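We count residues from 1, following the sequence as given. This one's a predicted model, so the numbers in the text were calculated from it and none came from an experiment.
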Amino acid sequence: MINKSIAVFYICRRKDKNWHKFAESFVISYKKFKSGINHQLYIIFKGFNSNTSLNRANKIFINLKYKSIEQNDEGFDIGSYYQAALLAGEVYICPLNSYSKILCNNWLKNLYLNICQINVGLVGATGSYEKNDHFYFLKFPNPHIRTNAFLINRQIFVKFTSQFSFLKKNDVLKYESGRNSLTNFIRKDGKKALVIGRNGRAYDINTWSLSRTFKSSNQENLLVSDNQTDFYFKSPWPIKNFLSLRSWGKFLVS
């Protein structure tokens, strides 16, 4: 039975190097770990300009129940999520980028149970205090939910995201971690932005650095991995330490 309340978007992007391997890894993880709650899976086929490549991509997902969305290669990931959200009819959306791998059972249930709490407007698998060097006007800490493996009301997402154009990478960074970020929009509305761990616990902004989900410890409490969490995990200790300090600074707890 499909739960009409939750849409999960996964991007399969043709221009990603080794895109088929990323897609295969996602499928393996999606089948291995139970979401814990019914949902509608959408596969966003991005930039597949030939039937041959599109057919090859579809075969990777052949054993999954999903709806297909075809898009051109514009607008970065957030632009793709926005276009997909306009087509979907579910109450909540959970976007996953092409590098995503699910790491545990009940990954979606944990997100959903927490977004349903009073005064919660945004939940995600990871967050960071990092200040982007391009935005000189921002101060550290700069708390923001990372825009992968997050859960939000679809209509709120569409209304907020419609104000942005994603023509350059900086546009995406402003959306995620700028002064007028999605996280700050939610907080200005009086709602909480929470990081959710594999243990099911919700971490408010002042305890994100304790969550062991993003660039801290061994990320052993992480729900869904991506290219950044993978890079941290595979890095030697000196680089891990540098990345941890960049994300959490004096708030870092080993």
> Got a sec, which residues hit side-chain hydrogen bond (donor to acceptor under 3.5 Å, both in side chains) with Asn58, two or more places apart in sequence or on another chain?
Replying inline: Tyr66
> To the nearest 0.5 Å, how far apart are CG in Leu194 and OG1 in Thr183?
Replying inline: 10.5 Å
> Transitively linked via ILVMFWY side-chain contacts under 4.5 Å: Trp248 with Phe233?
Replying inline: no
>> Can you pull out every salt bridge (Lys or Arg N to Asp or Glu O under 4.0 Å) where at least one residue sits in residues 141-150? Sequence neighbours excluded, please.
In response: Arg146-Asp226
> Applying the 4.5 Å side-chain criterion to the ILVMFWY set and letting contacts propagate, would Leu54 and Phe61 be lumped into a single cluster?
Replying inline: yes
> For Ile28, which fellow cluster members are found when Ile, Leu, Val, Met, Phe, Trp and Tyr are connected by side-chain heavy-atom distances below 4.5 angstrom, either directly or through intermediates?
Replying inline: none
>> Under a 3.5 Å distance rule, please check whether Tyr203 uses its side chain to pair with a backbone N or O of Ile196 as donor and acceptor.
In response: no
>> Taking atom CZ as the centre, does Phe140 end up with more than 12 heavy-atom neighbours from other residues, nucleotides or ligands that are less than 6.0 angstrom away?
In response: yes
>> Just to verify, what does Ser211 make a side-chain hydrogen bond (donor to acceptor under 3.5 Å, both in side chains) with, not counting sequence neighbours?
In response: Thr213
> Of all residues at least two apart in sequence or in a different chain, which pass the side chain to side chain contact (heavy atoms under 4.5 Å, CB included) check with Leu167?
Replying inline: Ser165, Asp171
>> Suppose we screen for side chain to side chain contact (heavy atoms under 4.5 Å, CB included). Which residues come up paired with Asp230, at least two apart in sequence or across chains?
In response: Lys101, Ser225
>> Run the salt bridge (charged side-chain N to carboxylate O under 4.0 Å, His left out) test against Glu176 and tell me which residues pass, sequence neighbours left out.
In response: none
> For the side chain of Ser181 and the backbone of Asn184, is there at least one donor-acceptor N/O pair under 3.5 Å apart?
Replying inline: yes
> Are Ser128 and His144 close enough that some pair of their side-chain heavy atoms sits under 4.5 Å apart?
Replying inline: yes
>> Per the ring pair (Phe, Tyr, Trp, His ring centres under 6.0 Å) rule, what does the pair list look like for residues 167-198, sequence neighbours excluded?
In response: Phe160-Tyr175, Phe160-Phe185, Phe164-Tyr175, Phe166-Tyr175
>> Using the side-chain hydrogen bond (donor to acceptor under 3.5 Å, both in side chains) criterion, which residues pair with Thr229? Sequence neighbours excluded.
In response: none
>> Checking side-chain polar atoms at under 3.5 Å, does Asp77 have a donor or acceptor matched by the opposite partner on Ser80?
In response: no
> Can you list the residues that meet the side-chain hydrogen bond (donor to acceptor under 3.5 Å, both in side chains) rule with Tyr99, with sequence neighbours excluded?
Replying inline: none
> Do you see a donor-acceptor pair shorter than 3.5 Å between the side chains of Asn148 and Ser100?
Replying inline: yes
>> For Val195 and Phe214: C-alpha separation, side-chain torsions, deciding distance, then whether side-chain contact (heavy atoms from CB on, under 4.5 Å) applies.
In response: CA-CA 10 Å; Val195 166; Phe214 183 67; over 6 Å; no
> What pairs with Tyr232 under ring-ring contact (aromatic ring centres under 6.0 Å, His included), at least two apart in sequence or on another chain?
Replying inline: none
>> Going by the rule side chain to side chain contact (heavy atoms under 4.5 Å, CB included), which residues pair with Asn18 if we only count those two or more places apart in sequence or in a different chain?
In response: His20, Lys21
